[in-house]
Number of protein chains: 2
Amino acid sequence: MILDSETKAVELPDDHGTELRLWLRLLTCTTLIEGEVRSRLREKFDVTLPRFDLMAQLDKVSDGMTLSDLSKRMMVSNGNVTGLVERLVESGHLDRRTSETDRRVQFIRLTKLGRAEFRKMAAEHEKWIADIFGDLSPKDIRELMRLLAKAKGSAQRSAKARTA
Amino acid sequence: MILDSETKAVELPDDHGTELRLWLRLLTCTTLIEGEVRSRLREKFDVTLPRFDLMAQLDKVSDGMTLSDLSKRMMVSNGNVTGLVERLVESGHLDRRTSETDRRVQFIRLTKLGRAEFRKMAAEHEKWIADIFGDLSPKDIRELMRLLAKAKGSAQRSAKARTA
DNA sequence: TGCAATTTCTTTAAACTTCAAGCAATTGGC
DNA sequence: GCCAATTGCTTGAAGTTTAAAGAAATTGCA
């Protein structure tokens, strides 16, 4: 243990252990929950998590969304979305329509079937999440929301600085 | 807005919106950081995140680990680890040795090369993480650690209840 | 207008991932 | 000892994911 002149514990100048442990805990937590949600979606609805996530994005809007929008919101690559959408159109959950003003653009929508199935899944999903976080008090949740917002901002700042 | 008899805002009995928003924020945060780490690992070391994660597990021990151990610690499937290890043995980063007491078991170790390369990457990685969380105060970090531990416990409780 | 830059999307290859099935080896109860 | 159950790992199929390259369309600027 290193002590400063007033006999208080201090960190080594380059010790970033606490941040690393925080990151590992964040990752563990997310992986755990994600795995749980993935299992339940497969088990109860025979749907994969990526498909559910994509439909969740589309359910937020009534008039459709482009592939690029989806890609940005889901934080996955463009090509990834292309394949996912293709399979969901194939299964009758989505609907694609080429823009009339820009022929590169495709507007993607949930079909009636897609929206109905998604709503059913989403209702269950919300209950699962509530149960998964069931031990947290409202205050815990507020605090976590606040701190995660701060962490997100910090990460964005760092990412931006690297790319710049 | 719904008010109770003492004119205090209350939630609908089945409104789990706050938990859902918390989950989405947690996921966004993790995805963002994971993507950033992935990019940097590829850019600076031309290594993938799963390979780095696997080596990180092995670096913690001196005498090797079985595939099952790796699978549990990384929270990924058994088959997944089989493939990852195969490629890392191929590239000379890992070393496999069959157990003498149980011929099903393989002990996996970092080779000298593997450990050296990992240590170099890990040092950089730790700095990246410190920068990514750079806007958080020590108190923020402590609080996040605490709340995430609580969330993890809650998720484990929920997962266990489902499987039971 | 002309055309370089940008944007949108698709395609490809390689890697990663899960799940389920299967094989080989060990264990535990009888 | 016998053998059913379990454990450790691999395999195969389907799907997800990224990165990189490319095709098609639009935009913006000289």
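Below, chains carry the letters A, B, ... as their sequence lines are ordered, and counting in each starts from 1. FYI, side chains are in, hydrogens and waters are out, and symmetry mates aren't considered; it's all heavy atoms of this structure.
Among the heavy atoms of the strands lying under 4.0 Å from B:Thr101 are primed sugar atoms or P, OP1, OP2 only; no base atom is included. As judged by a 4.0 angstrom heavy-atom cut-off over every strand, A:Ser68 is placed among residues touching the sugar-phosphate backbone only. Within the 4.0 angstrom heavy-atom criterion, base atoms lie near A:Ser77. Nucleic acid contact class of B:Ser71 (heavy atoms, under 4.0 Å, all strands): none. Using a 4.0 Å heavy-atom criterion, one finds that A:Leu49 contacts no nucleic acid atom at all.
Relative to the side chain of A:Asp102, the nucleotides D:dT10, D:dA25, D:dA19 differ in distance, and D:dA25 lies closest. For A:Pro50, the side-chain atoms get nearest to D:dT17 when compared with the rest of D:dT17, C:dC9, D:dT18. For B:Arg104, counting side-chain heavy atoms from C-beta on, the closest listed nucleotide (C:dC19, C:dC16, C:dT26) is C:dT26. For B:Arg51, whose side chain is taken as the heavy atoms from C-beta onward, the closest listed nucleotide among C:dT10, C:dA15, D:dT18 is C:dA15. Taking only side-chain atoms of B:Thr82, from C-beta outward, the nucleotide of C:dT17, C:dC19, D:dT10 with the closest atom is D:dT10.
Each of A:Arg109, A:Arg115, A:Lys112 was evaluated against A:Asp95; a single residue qualifies, A:Arg109, per the salt bridge (Lys or Arg N to Asp or Glu O under 4.0 Å) test.
In this entry the distance linking CE of A:Met74 with P of D:dT17 reads 7 Å, nearest Å. When rounded to the nearest whole Å, the span between CG of B:Leu84 and P of D:dT16 equals 19 Å. Protein atom CG of B:Leu41 is 15 Å distant from nucleotide atom P of D:dT18, rounded to whole Å. What separates CZ of A:Phe107 from C1' of C:dT8 is a distance of 12 Å, to the nearest Å. When the C1' atom of C:dT26 is taken as reference, atom CD of B:Glu100 falls 17 Å away, rounded to whole Å. One can place CG of B:Leu54 at 12 Å from C1' of C:dC16, the figure rounded to the nearest angstrom. D:dT18 atom P lies 11 Å from atom CG of A:Asn78, rounded to whole Å. Distance CE (A:Met75) to C1' (D:dT16): 16 Å, rounded to an integer number of Å.
Projected onto DNA chain D by closest heavy-atom contact, A:Arg87 and B:Glu86 fall at different nucleotides, the more 5' of which corresponds to B:Glu86. Summary of the strand contacts: A:Asn80 and A:Arg103 both lie near DNA chain D, and taking for each the nucleotide with the nearest heavy atom, the more 5' one is attributed to A:Asn80. Between A:Thr66 and A:Arg38, it is A:Thr66 whose nearest contact on DNA chain C lies nearer the 5' terminus. When each of A:Ser39 and B:Gly83 is assigned the nucleotide of DNA chain C with its nearest heavy atom, B:Gly83 is the one assigned upstream, toward the 5' end.
Between A:Phe52 and A:Phe45, the distance from one ring center to the other does not fall under 6.0 angstrom.
A salt bridge links A:Arg146 with A:Glu143: at least one charged nitrogen is closer than 4.0 Å to a carboxylate oxygen.
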Evaluate side chain to side chain donor-acceptor pair (under 3.5 Å) for B:Ser154 paired with B:Arg157, printing each intermediate quantity in order.
CA-CA 5 Å; B:Ser154 185; B:Arg157 186 245 331 125; 3.1 Å; yes
Evaluate the criterion side chain to side chain donor-acceptor pair (under 3.5 Å) for residue pair B:Thr101 and B:Ser99; output intermediate values, then yes/no.
CA-CA 6 Å; B:Thr101 58; B:Ser99 165; 3.2 Å; yes
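Distances shown here put a side-chain N or O of B:Arg96 below 4.0 Å from the OP1 or OP2 atom of D:dT10.
Checked by atom type, the side-chain pair B:Ser39/B:Arg42 shows no donor-acceptor distance below 3.5 Å.
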